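Heads up: the structure comes next, in structure tokens.
Model, not experiment: these values are computed from the prediction. Every number for a ligand or one of its atoms is a count from 1 in the order of the listing.
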Amino acid sequence: MSATDNTVADQDHAGADPGLPDGQQATALKRKDLLGIEDLDVEEINLILDTAQQFKEVSQRAIKKVPTLRGKSVINLFFEPSTRTRTSFEIAAKRLSADTQSISASTSAVVKGETLIDTARNIEAMFPDLLVIRHQFPGAAKVLADTCSAGVINAGDGAHEHPTQALLDALTIRDHKGSLEGLRVVMFGDIAHSRVVRSNIYCLNKLGANVVLAAPPTFMPYGVEALGVEVHQRLEPALEGADVVMALRIQLERGGKLSFPSLREYFKLFGLTRERLALAKDDAIVMHPGPMNRGVEIASDVADGPSSVILEQVSNGVAVRMAVLYLLARSGAAKHVEAVA
Ligand code: NCD
């Protein structure tokens with residue numbers, strides 16, 4: 001294989017590993033951190049999606065590892081419960097051969113009263129390259145990014161943003177529909193407490209989709225129309241002609257419970273059943289960021305039905321996080337070369 005045949009996964013280690021089939025070369029992101037989709041431009045979003053597309057293949061290999069981030073350290077700081085996102089970041093870093101360390105709130109010095117900035121300074125003193133943070137407070141990832149010279153990836157900060165989730169959602173939609181341009185994408189449920197929705201509104205709008213939100217008034221943030229979305233207080237009119245239907249969990253831990261009388265009533269009015277899904281286009285896809293509450297926002301037969309792409313979202317999560325880790329590590333490396341020159 002000649003050096004010019006190298007693909008994204010392998011290009012830093014010419015000849016060390018068989019290349020990805022699609023040989024498009026990625027460049028670095030123009031930033032140190034990924035804090036939200038709001039700051040990204042369309043080129044950056046497409047760069048991440050195109051790079052993720054190439055990384056997908058690594059997870060299909062018998063040996064699921066490329067040497068791309070060998071010698072780099074990635075620390076995952078999870079101050080909120082998480083299974084899917086944390087595992088996904090860990091797997092992504094490991095498949096790129098980075099050294100990873102995960103710290104969760106229950107085992108960190110936070111329980112001993114340490115502030116986030118002190119935790120950050122201490123971690124910084126160990127020279128990590130990238131930090132992944134999930135925190136209950138909006139802006140926590142920004143605090144870390146401002147304090148540390150390592151690149152910071154926001155894995156969810158309170159009800160603010162969850163950029164890698166929106167990116168993996170966009171990749172999944174693109175896989176099925178080719179492009180997001182002009183698609184009717186419906187997100188419904190607990191809009192008010194959802195960081196997934198906020199990141200998705202930015203991402204989908206930037207990629208040219210028509211974003212439609214449906215929720216009972218107590219779950220709909222006041223003035224959300226200003227973000228360029230169509231708003232409904234009932235699910236049925238929102239679903240009519242939909243290309244993509246995304247159910248959202250009620251964020252009980254963020255006050256969602258107080259906003260409606262009972263889970264049974266909620267399912268009756270807002271649960272995604274087969275009958276309601278029939279209002280969407282025949283080839284509509286059903287998504288959910290997880291964790292799902294079956295029988296609350298989504299009926300089991302819809303979650304497991306032929307339109308569901310929920311597990312594809314999880315697979316795409318690993319590829320998107322590989323792409324983000326790779327592209328941010330490269331922008332750090334580019335900065336280092338500039339500093340030395
Ligand atoms: C989402 C989150 O944490 O914001 N889940 C996830 O990242 N997989 C959505 C949710 O918790 O409902």
Regarding [X] and [Y], do their side chains bring together a donor and an acceptor under 3.5 Å, going by distance alone?
X    : Y    : answer
R95  : S59  : yes
E90  : T100 : no
Q313 : D169 : yes

- Item | Lys NZ or Arg CZ of R134 over F78 ring: under 6.0 Å, within 45° | no
- Amino acids in close contact with ligand 1, where any non-hydrogen atom sits under 4.0 angstrom away: R84, T85, R134, H162, Q165, R195, V196, R249, Q251, P289, G290, P291
- Can you name the closest pair of heavy atoms from L34 and L328 and give their distance? N-CD1, 3.9 Å
- Task: Fit a plane to each ring of H135 and F79, take the angle between them on a 0 to 90° scale, and name the class: parallel (under 30°), tilted (30 to 60°) or perpendicular (over 60°).
- Result: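 H135 and F79: tilted rings.
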